[in-house]
Amino acid sequence: MNTPHSLSWILWLCSAVVAASATRNPLYLVLILLCLFIVAGSIHPAGEARPPIVSPFTFAAIVMLLAAAFNALTTHYGQTVIIRVPESIPIVGGNITLEAVLYGLTNGLTLSALFAAFTVLNLALPIRSLIQYIPRAFSPLAVVTSIAVSFVPVTLRQFGQIREAQAVRGHRLRGLRDWLPLFLPLLTGGLERALQLAEAMAARGFARADEKAHNIRMQVMLVAGLAALPAGLLLRLAWGQKLWGLLLLLAGAGLVLAVFWLISRRVPRTVYRRERWSWRDGVVLAGAGVVLVVFLALLPGIDRKALYYSPYPALTIPPFEPLVGLAILGLAGPLVSGMREGMRDQG
Amino acid sequence: MNRAIQQVLSVLIYGLSSAIGIGAFLAPFVLPTMQQGQPMGMAHASDAPLILTLLVGLCFGALLLEVQGQAVDTRVIALLGVLVAMNSVLRFLEVAMPGPGGFSPIFFLIVLTGYVYGGRFGFQMGAMTLLVSALITGTVGPWLPYQMFTAAWVGLSAPLCRPAVRLLRGEGGWIEVVVLALFSGGWGFVYGAMMNIWFWPFASGPATQHWQPGVALSDTLQRYAVFYLLTSFGWDLFRGIGNVALVLAFGRPTLRVLRRFHRRFGFRYHPPAPQYQ
């Protein structure tokens, strides 16, 4: 089976996040969550990707319960009273309403959908695929991330060895201070390895590779951009100068982004194995595109009011636009295209 | 001359981006007051959080760019990579075996490395720890940039303990550890309070606890205080106490090790000038 292009997954994630954030209608949110659950449940972890510590199902159950309870206990608004708590009890005293429960559940649905979408991404893409999207302007930090990710298994292994060695000597973990004989050798060993690594990197000519990337011209541009940003924001928000504020904000953002771009141009990037696009990516991108268009664009024939449902003041059945419902099914694109196997490590 | 100009510009970048970042985090308190009495204010109330989020992202990028200027040295890159890996393992263990409330062992190394190796190093240590640990624990999400920025500030601000330690003449002794413990404990609460602020304007709920455009500063502060006490204080209490306990228990030996390696990492070889006969 072809491995999916990592950009397909990232665009799929964007569409899922946009859909989950753009609606307050519980029917659409349930549909979004179902699609995400099915994709999350059918995906096989990629490369060194680990299964999530909290599954999206467990997370959804806990968060929806907590959100509904919290909102019901603290918001005493709505007409359908379930129970009345004595007013003498601070904060929770008052009417517990069905509207408040549903509102809390809707909040929980949104959070669960966001969590499920990111869980799918974490499962589908190996860590190294994500590192390649660190902008080239931040190449030293990308190297640090790469080193750290490579050293995590080594550090875990060393921790296990130290624990076994200390256990053989009769060391037992009874209190906080008992962790010290485990932590200090781990720290010292790690710092020794850092020294060796630094020497190996210097020997291979890594040192000061992009010294010129950081010059006075870039710094001046950064300072000018950073100064323009708050000035534009103040003009726009505090003094009501909408146009001038926007122009200053754009100029500031443009200067900062220009510095990122100029530094990026000086950093060459080589790829050991190039990812290829396939028709499967096309299916996923088409599904994600439909979701983005329906949720972001003003399309004729689609009633956008159905996206902004509120249960207050009296509970009503949420409206349901079939076209929006169909568009949400676009999130199941990875299933349709058979991209259930996450990416293998690109080495 | 060029070096002096670069240093001035560097200070300006640090100052501006930190000020914008702090301003963006505090915006929910200030904006409603600023928008009172001017007709356009309410119209922009809805897009303000979005603009501020983009602004925080740009400032964080600019600050990272400036800070990483130091990291082209292989020794700093290797040291940072290995320490970030170690801290990420601590976070991995924390996620696998959750401690009470908001307790997290990662702030201990961020504060201590920032204190010993400097604010720049601490900034990168904070930001990279959150990034790498999110990658290895599969917790990449929309909260990550805010966590990175806030944790980076923890490391960046750690050298602020140095004047207090010097004033109390406590370097190398228990006074130094106590100052760092109090600093870490304080950040336990501030970190939680800051992480709430970014999403607080978007949260919904009772009017006594939630952000609303056009409300006076004192009322906004009062609402946030109620919200924080109800939703986060208990959680953050464990983080604060945990940070204090970790620094008190492990602080002195860890500082000794970090200082020893600081000397070893800090060496520079100056070859003698060639002697021509």
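Proteins get letters first, then strands, A, B, ... in listed order; numbering begins at 1 in each. FYI, side chains are in, hydrogens and waters are out, and symmetry mates aren't considered; it's all heavy atoms of this structure. Because the structure is predicted, anything quoted here is derived from the model rather than measured.
To the nearest 0.5 Å, atom CD of residue B:Glu66 and atom CG of residue A:Leu222 are 7.0 Å apart. Note: B:Leu65 CG to A:Gln219 CD = 9.5 Å, rounded to the nearest 0.5 Å. Within the model, atoms CG of B:Leu258 and CG of A:Leu187 stand 5.5 Å from one another, a figure rounded to the nearest 0.5 Å. How far CG of B:Leu90 is from CG of A:Leu186: 7.5 Å, rounded to the nearest 0.5 Å.
Here A:Ala148 is the residue among A:Ala148, A:Ala227, A:Ala200 with the most heavy-atom pairs under 4.5 Å with chain B. Between chain B and the options A:Leu257, A:Leu184, A:Leu13, heavy-atom pairs under 4.5 Å are most frequent for A:Leu184. Of the listed residues B:Leu16, B:Leu248, B:Leu131, the one with more heavy-atom pairs under 4.5 angstrom with chain A than any other is B:Leu16. Among A:Leu226, A:Leu229, A:Thr155, the residue making the largest number of heavy-atom pairs under 4.5 Å with chain B is A:Leu226. Contact tally against chain B (heavy-atom pairs below 4.5 Å) for A:Ala253, A:Gly104, A:Pro135, A:Ala194: the top residue is A:Ala194. Chain A forms more heavy-atom pairs under 4.5 Å with one residue of B:Thr129, B:Leu83, B:Val132 than with any other, namely B:Val132. In terms of heavy-atom pairs under 4.5 Å with chain B, the best-connected choice from A:Leu180, A:Leu197, A:Val256 is A:Leu180. Among B:Leu79, B:Val84, B:Ile20, the residue making the largest number of heavy-atom pairs under 4.5 Å with chain A is B:Ile20.
Minimum interatomic distance between B:Ala85 and A:Phe151 (heavy atoms only, all atoms of both residues): CB-CB, 3.6 Å. Considering all non-hydrogen atoms of both residues, B:Ser88 and A:Val152 come closest at CB-CG2, 4.3 Å. For the pair B:Gln124 and A:Leu141, the tightest heavy-atom approach, listed with the atom from each and the gap, is OE1-CD2, 3.5 Å.
Heavy-atom neighbours of A:Arg136 CZ from other residues, nucleotides or ligands within 6.0 Å: above the threshold of 12.
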(message) Pair A:Leu249, B:Leu55 - check side-chain contact (heavy atoms from CB on, under 4.5 Å), show working.
(response) CA-CA 9 Å; A:Leu249 271 174; B:Leu55 211 69; 4.1 Å; yes
(request) Kindly indicate, with the supporting measurements, whether the criterion side-chain contact (heavy atoms from CB on, under 4.5 Å) is fulfilled by A:Phe183 and B:Thr254. (result) CA-CA 9 Å; A:Phe183 176 70; B:Thr254 307; 3.5 Å; yes
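Looking at A:Val223, the atoms closer than 4.5 Å to chain B (heavy atoms on both sides) sit in the backbone and in the side chain alike. Residue contact with chain B, scored on non-hydrogen atoms closer than 4.5 Å, involves the backbone and the side chain of A:Phe138 alike. Residue B:Met86 touches chain A through both its backbone and its side chain, counting heavy-atom pairs closer than 4.5 Å. Contacts of A:Glu192 with chain B are made by both backbone and side-chain atoms, with heavy-atom separations under 4.5 Å. With a 4.5 Å cut-off on non-hydrogen atoms, B:Ala127 does not touch chain A at all. Of the atoms belonging to A:Val220, heavy atoms from both backbone and side chain fall under 4.5 Å from chain B. In this structure, the portion of A:Ile131 lying under 4.5 Å from any heavy atom of chain B is its side chain and not its backbone. Using a 4.5 Å cut-off between heavy atoms, B:Phe108 touches chain A through its side chain atoms alone.
Looking at B:Phe261 and A:Leu195, their side chains come closer than 4.5 Å, going by heavy atoms from C-beta outward.
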